[in-house]
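Worksheet: the structure to be examined is printed underneath.
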Amino acid sequence: MKEPILRVEGITVRFGGLVALKEVTFSVEEGELLGIIGPNGAGKTTLFNTITGAVSPEKGRIYFQGKDITSLPPHKRARLGIARTFQNLRLFSRLTVEDNIKLAMGLPYPAFAPLFSLPSYHKMEKQMSESAIALLKTFHLYPYRDRIASALPYGERKRLEIARALALKPKLLLLDEPTAGLSHQEAISLMEELKELRKGFSLTIILIEHNMRVVMGYCGRLITLNYGEIIAEGTPEEIANNPAVLQAYLGEESLC
Amino acid sequence: MRAKNIILVIGIPFSLWLINHFISNPSIFSPYILQIIVLMGINAILAVSWDFISGVTGQFSIGQAGFMAIGAYSSAFLTLKYKVPFLPAILFALILSAIAGFIVGIPTLRLRGDYLAIATLGFGEIVRVAILNMPSLGGATGLKGIPIYSSFFSVYLALAITLWFCLALLKSQPGRILLSIREDEIASQMMGIDVVKYKVFAFTFSAALAGLAGALYAHWTSLVHPDSFSFMKSIEIILMGVLGGMGTIYGPAVGGMLITLLPEGLRLLLEQNPLLYQNKDFVRMLFFAILLLFFIILRPQGIFGKREAKG
Ligand SMILES: Nc1ncnc2c1ncn2[C@@H]1O[C@H](COP(=O)(O)OP(=O)(O)O)[C@@H](O)[C@H]1O
Ligand SMILES: [Mg+2]
């Protein structure tokens, strides 16, 4: 069998007395679009923080493409090909839209090259501009390229975050509630765009979604978290009819 | 592009050299005016050094005077005691202050915000107190009779190179990376940026520039004293940067010049009034305080800073 792109084994995360994740185990196959759902405070964002290295687990291991990355610092995980977006946008607000994208492209020339205006510097900057412009066009952000990121409308800022994550050329993309704050119509069109992207960039995507209606038609598989534990895993249809999931969402209106 | 650079590389030093002849001639310019102009250049380098770490990279330093002291004392020690020529002495000062920046940077840059500010403040004071207690560096009396090697030419050439390097970095990928660390460290890490490495780099580079300014200062005034590098000097450097516009590099350079020039104008006024003149240090601090308040209220982005866009 082919090695899954991501394997999470028995992850436990504790914040003081609170167990945010408890023995979480699952894996993601290459090319999959996996949905993670669960009520507020279930531990979904914490799971992303653990995969990207922002939070260290108390127990358990994480494997990316078969390599144990549990003790790797966040920037090295990003360079291996794990990119993410944030639930509460974290753009570089005072930088331009184009610079937000370029920034994720690493340092393709020696740091002293700009000091002496070396040819490698001009050549690589030009290449970076070209790929940034291509990405901006894909996300309909090209007209905004010289604007300060914080000056963009909300929907555009959300798209910029995804574009910035893609500038890393990731293999695995983690999206934390990408449709939150969007209308149902906008949410569906974003999901359509992601579907296209997944093909275009040969990406594996894990998507946190609060609203199950949005993920129904797009995710092949769903994982449901509640109080830090996986309470159900399966196709969207199986999840929608799972009594434990319905129980977890009791009193919330977001499940259809 | 390349032609423009070549013209700049040859043209700037040549123009500075020409101006130097003219400006250093006491029959044309009084030594007092020359003194102010040279100190303006030195303070401009200091303000830019602070802006690189604090305005661009977002790591608030209150210790620039400490790095300046290391540059001033180390170069003066070499030229005074060992008759080392100016250029090697400056290079030594640059390297030593860079090493100090590197060593201080590694542990402190893991700290954030207020804690980093306090740590750099502590560093500045440690340097000053250490010098006070080193007899070979003159202790409380300082070093006197340092050869006057600095000139309008060397100071402004150093300023030109400083501005060139800082602006070149700012508009290229290393600069973008430093700015991203200022904006959001966590997001920056998630974009594959080794935040600690870049912060240490920025700190080292900034310390080297402050050390360069210190070396030029020592060889201009011919004497260095621990009190010249006190906490108040660090605050003055911050004022220059804030006034000019944090994160713009050229703004703080202008800020450094203005903060050097304005008190001289003030002094001319004070000399008319004996009572004020007796308390001139107090009046000077009051003036700076009012100036800072004025900027914080009316123009928080400084002279050249861009106003932040509203979300
Ligand atoms: N850095 C942190 N420190 C302390 N508690 C945290 C931290 N991050 C998350 N938590 C807590 O962990 C639980 C899970 O949070 P989170 O993963 O954000 O949930 P979700 O994304 O599913 O809404 C919540 O109770 C939250 O308050
Ligand atoms: Mg969340």
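Chain A is the first sequence line, chain B the second, and so forth, proteins listed ahead of strands; every chain is numbered from 1. Keep in mind that this is a model prediction, so the values were computed, not measured.
Closest heavy-atom contact between A/Ala78 and B/Gln189: CB-O, 4.1 Å. Residues A/Arg90 and B/Ala187 come closest through the heavy atom pair O-CB, 3.5 Å. Here the closest heavy-atom approach between residue B/Asn5 and residue A/Ser117 is recorded as ND2-OG, 3.0 Å.
Distance check: A/Arg164 CZ to B/Ser180 OG gives 8.5 Å after rounding to the nearest 0.5 Å. A distance of 11.5 Å separates OG1 of A/Thr85 from CE of B/Met190, quoted to the nearest 0.5 Å.
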### Task
Report the C-alpha separation of A/Glu125 and B/Lys171 in whole Å, then their side-chain angles, then the decisive distance to 0.1 Å, and conclude whether the salt bridge (charged side-chain N to carboxylate O under 4.0 Å, His left out) test is met.
CA-CA 10 Å; A/Glu125 280 285 335; B/Lys171 72 175 173 83; over 6 Å; no
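A distance-only check finds no donor-acceptor pair linking the side chain of A/Tyr121 to the backbone of B/Ser172 [under 3.5 Å]. Put simply, the side chain of B/Glu183 gets close to the backbone of A/Arg94: a donor and an acceptor are under 3.5 Å apart.
In this structure, the side chains of B/Pro174 and A/Phe112 stay at 4.5 Å or more apart for every pair of heavy atoms. A 4.5 Å side-chain heavy-atom check between A/Phe92 and B/Met191 finds at least one atom pair inside the cut-off.
Residue pairs meeting the ring-ring contact (aromatic ring centres under 6.0 Å, His included) criterion with at least one partner in residues 47-89 of chain A, sequence neighbours excluded, do not occur; the list is empty.
Proximity to chain B is absent for every atom of A/Met124, based on heavy atoms less than 4.5 angstrom apart. With a threshold of 4.5 angstrom between heavy atoms, A/Leu115 approaches chain B through its backbone and through its side chain. For A/Tyr154, no part lies near chain B; criterion is any non-hydrogen pair under 4.5 Å. Residue B/Phe205 does not touch chain A at all, counting heavy-atom pairs closer than 4.5 Å. Of the two parts of A/Arg77, neither the backbone nor the side chain holds a non-hydrogen atom closer than 4.5 Å to a non-hydrogen atom of chain B.
Between chain B and the options A/Asn100, A/Leu103, A/Leu91, the largest number of non-hydrogen pairs under 4.5 Å is found for A/Leu103. Here B/Ile193 is the residue among B/Ile193, B/Ile177, B/Val9 with the most heavy-atom pairs under 4.5 Å with chain A.
Residues of residues 151-169 of chain B lying within less than 4.5 angstrom of chain A, judged on heavy atoms, are B/Trp164, B/Phe165, B/Ala168, B/Leu169 in numerical order.
Counting non-hydrogen atoms of neighbouring residues, nucleotides and ligands closer than 6.0 angstrom, the CZ atom of A/Phe26 exceeds 12 such neighbours.
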